[in-house]
There are 2 protein chains.
Amino acid sequence: MNAQFKKGVLEMCVMALLGFRDRYGYELVHEISERFEISEGSIYPLLRRLLTEGYVSTYLQESVEGPARKYYSLTENGFQARNELIKEWNDFSNAVCGLIEEMTHAER
Amino acid sequence: MNAQFKKGVLEMCVMALLGFRDRYGYELVHEISERFEISEGSIYPLLRRLLTEGYVSTYLQESVEGPARKYYSLTENGFQARNELIKEWNDFSNAVCGLIEEMTHAER
DNA sequence: TTTAGGTATCTTGCATTGCAAGATAGTGAA
DNA sequence: TTCACTATCTTGCAATGCAAGATACCTAAA
């Protein structure tokens with residue numbers, strides 16, 4: 001999978017997932033990887049970025065099957081940014097898909 | 001518009017357009033900008049990249065309304081790369097849109 | 001006890017690419 | 001001659017995904 005396509009989209013996907021419920025990093029990696037492959041080296045720096053930008057807050061929670069998990073939770077600002085990002089993605093992907101369709105089915 | 005979203009996608013759009021007919025750089029900028037904003041500083045280095053990778057060839061053609069135009073034409077390899085890129089984009093954008101939908105209309 | 005594998009977090013530095021900013025130059029009209 | 005439009009090109013910065021590796025907890029098998 002083209003790594004360039006993911007630029008910026010990964011951030012939006014993480015925020016979309018967090019808008020539904022709190023999650024921890026390792027969980028996010030595996031959930032997103034069901035759709036398209038990503039690695040831990042992408043997620044943790046991204047989560048740190050969201051934290052310093054004030055879009056998420058964190059809390060630790062113990063686990064029965066391994067080390068403690070650091071959960072991430074969207075802040076009010078995070079929700080707003082999430083919604084804007086989703087809107088931008090929808091506009092963008094519609095524009096791109098429209099262009100592709102015109103350029104590949106332009107015979108008719 | 002989120003500049004990160006365009007990474008890699010701009011290349012695919014250019015190749016999609018060139019797959020339909022030959023175009024020159026300035027023309028590509030304006031055609032793509034009808035869908036989403038891009039600048040000349042993005043197109044010309046990209047076209048040079050496609051040239052060195054052997055995906056396009058070029059030829060000059062005079063114009064009645066300004067300096068000569070450098071037209072870009074997809075090579076055989078370029079067509080193949082174009083089709084693969086479009087397929088990858090379709091898979092990727094479907095995956096992302098599916099995730100977004102599930103995370104925003106997950107009440108039901 | 002030791003080993004192995006799954007779970008979980010984190011850091012460093014590289015590669016890629018869009019873009020702002022600016023340079024250059026042809027054409028035609030005011 | 002001045003302006004606007006057309007057209008190409010270069011430089012260097014900013015952003016971000018990821019490979020690679022380190023650390024550490026827990027459980028179960030050997």
Side-chain angles (χ1 to χ4, degrees), chain A residues 1-15 22-33 35-53 55-56 58-72 81 85 88-89 92 95-96, chain B residues 1-15 22-33 35-53 55-56 58-72 81 85 88-89 92 95-96:
Chain A
M1 173 58 64
N2 191 330
Q4 296 302 319
F5 286 168
K6 303 176 194 169
K7 303 263 168 162
V9 178
L10 186 52
E11 176 177 339
M12 182 201 52
C13 287
V14 164
M15 295 182 82
D22 296 355
R23 299 172 204 250
Y24 54 99
Y26 193 73
E27 184 185 13
L28 286 165
V29 173
H30 289 271
E31 274 178 304
I32 295 175
S33 285
R35 316 279 184 151
F36 55 93
E37 268 185 45
I38 62 156
S39 73
E40 292 148 21
S42 312
I43 277 289
Y44 290 109
L46 162 58
L47 289 171
R48 173 172 295 277
R49 224 155 52 224
L50 295 179
L51 193 62
T52 57
E53 283 164 357
Y55 290 153
V56 298
T58 65
Y59 55 94
L60 276 176
Q61 198 164 291
E62 285 178 26
S63 163
V64 287
E65 45 181 343
R69 298 161 172 171
K70 188 187 273 188
Y71 278 85
Y72 292 82
L85 276 175
E88 275 188 28
W89 163 260
F92 179 71
V96 174
Chain B
M1 174 57 64
N2 192 328
Q4 297 302 320
F5 286 168
K6 303 176 196 170
K7 303 262 168 160
V9 178
L10 186 52
E11 177 176 338
M12 182 202 50
C13 288
V14 165
M15 295 182 81
D22 296 356
R23 299 172 204 252
Y24 54 98
Y26 193 74
E27 183 184 14
L28 286 165
V29 172
H30 289 271
E31 274 179 303
I32 295 175
S33 285
R35 315 279 185 152
F36 55 92
E37 267 185 45
I38 63 155
S39 73
E40 291 148 21
S42 313
I43 279 289
Y44 290 110
L46 163 58
L47 288 171
R48 172 171 295 277
R49 225 156 51 226
L50 296 179
L51 192 62
T52 58
E53 283 164 356
Y55 291 153
V56 297
T58 66
Y59 55 93
L60 275 177
Q61 198 163 293
E62 284 179 30
S63 163
V64 286
E65 45 181 342
R69 297 162 172 169
K70 190 188 270 185
Y71 278 83
Y72 292 81
L85 276 176
E88 275 188 28
W89 162 260
F92 179 71
V96 173

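Any value given below was found using the heavy atoms of this structure, including those in side chains, with hydrogens, waters and symmetry copies removed.
For the segment residues 6-15 of chain B, the set of residues with a heavy atom within less than 4.0 Å of an atom of DNA chain D is empty. The stretch residues 43-50 of chain B comes close to DNA chain D through B:Tyr44, B:Pro45, B:Arg48, each having a heavy atom under 4.0 Å from the strand.
One can place OH of A:Tyr24 at 8 Å from C1' of C:dT7, the figure rounded to the nearest angstrom. Whole-Å rounding puts the A:Phe5 CZ to D:dT16 P distance at 18 Å. Rounded to whole Å, atom C1' of C:dA25 lies 15 Å from atom CD of B:Glu62. Distance CD (A:Glu53) to P (D:dA14): 16 Å, rounded to an integer number of Å. To the nearest angstrom, C1' of C:dT16 lies 10 Å from CG of A:Asn2. For B:Ile32 and C:dC19, the CD1 to C1' distance is 14 Å, given to the nearest whole Å. Atom CG in A:Leu85 sits about 10 Å away from atom P in D:dT16, given to the nearest Å. Spacing between atom CZ of B:Arg69 and atom C1' of C:dA25 amounts to 15 Å, rounded to whole angstrom units.
Of all heavy-atom pairs spanning B:Tyr26 and B:Glu40, the tightest one is CE1-OE2, 3.7 Å.
Side chains of A:Arg35 and B:Val96 form no contact here, defined as non-hydrogen atoms less than 4.5 Å apart. At a threshold of 4.5 Å between non-hydrogen side-chain atoms, the residues A:Val14 and A:Val56 do not count as touching. Side-chain contact between A:Leu50 and A:Leu46: present, with at least one pair of heavy atoms (C-beta onward) separated by less than 4.5 Å. Counting heavy atoms from C-beta outward, A:Phe36 and A:Cys13 have side chains that approach closer than 4.5 Å.
Annotation: the span from B:Phe92 atom CZ to A:Lys6 atom NZ amounts to 7.5 Å, rounded to 0.5 Å. From B:Glu31, atom CD reaches atom CD1 of B:Ile38 across 10.0 Å, with rounding to the nearest 0.5 Å.
Checking D:dA7, D:dC9, C:dA8 against the side-chain heavy atoms of B:Lys70 singles out D:dC9 as nearest. In this structure, the nucleotide among D:dC25, C:dA25, D:dA15 sitting nearest to the side chain of A:Pro67 is D:dC25. Checking D:dA15, C:dC10, D:dC9 against every side-chain atom of A:Tyr72, the shortest atom distance belongs to C:dC10.
Between B:Trp89 and A:Phe5, the angle of the ring planes goes over 60°, which puts this pair in the perpendicular group of the 30/60° scheme.
Among the protein residues, A:Gln61 comes within range of no part of the nucleic acid, since none of its heavy atoms lies under 4.0 Å from any strand. Nucleic acid contact class of B:Glu40 (heavy atoms, under 4.0 Å, all strands): base.
Within a 6.0 Å sphere centred on CD of A:Glu53, heavy atoms belonging to other residues, nucleotides or ligands number more than 12. Few gaps surround OH on A:Tyr72; more than 12 heavy atoms of other groups in view lie less than 6.0 Å from it.
Each of A:Glu65 and A:Ser42 has a nearest nucleotide on DNA chain C; the 5'-most of these lies closest to A:Glu65. Take the nearest nucleotide of DNA chain D for A:Ser63 and for B:Gln4: the residue whose nucleotide is more 5' is B:Gln4.
Under 4.0 angstrom from either OP1 or OP2 of C:dT7 there lies at least one side-chain N or O belonging to A:Tyr26.
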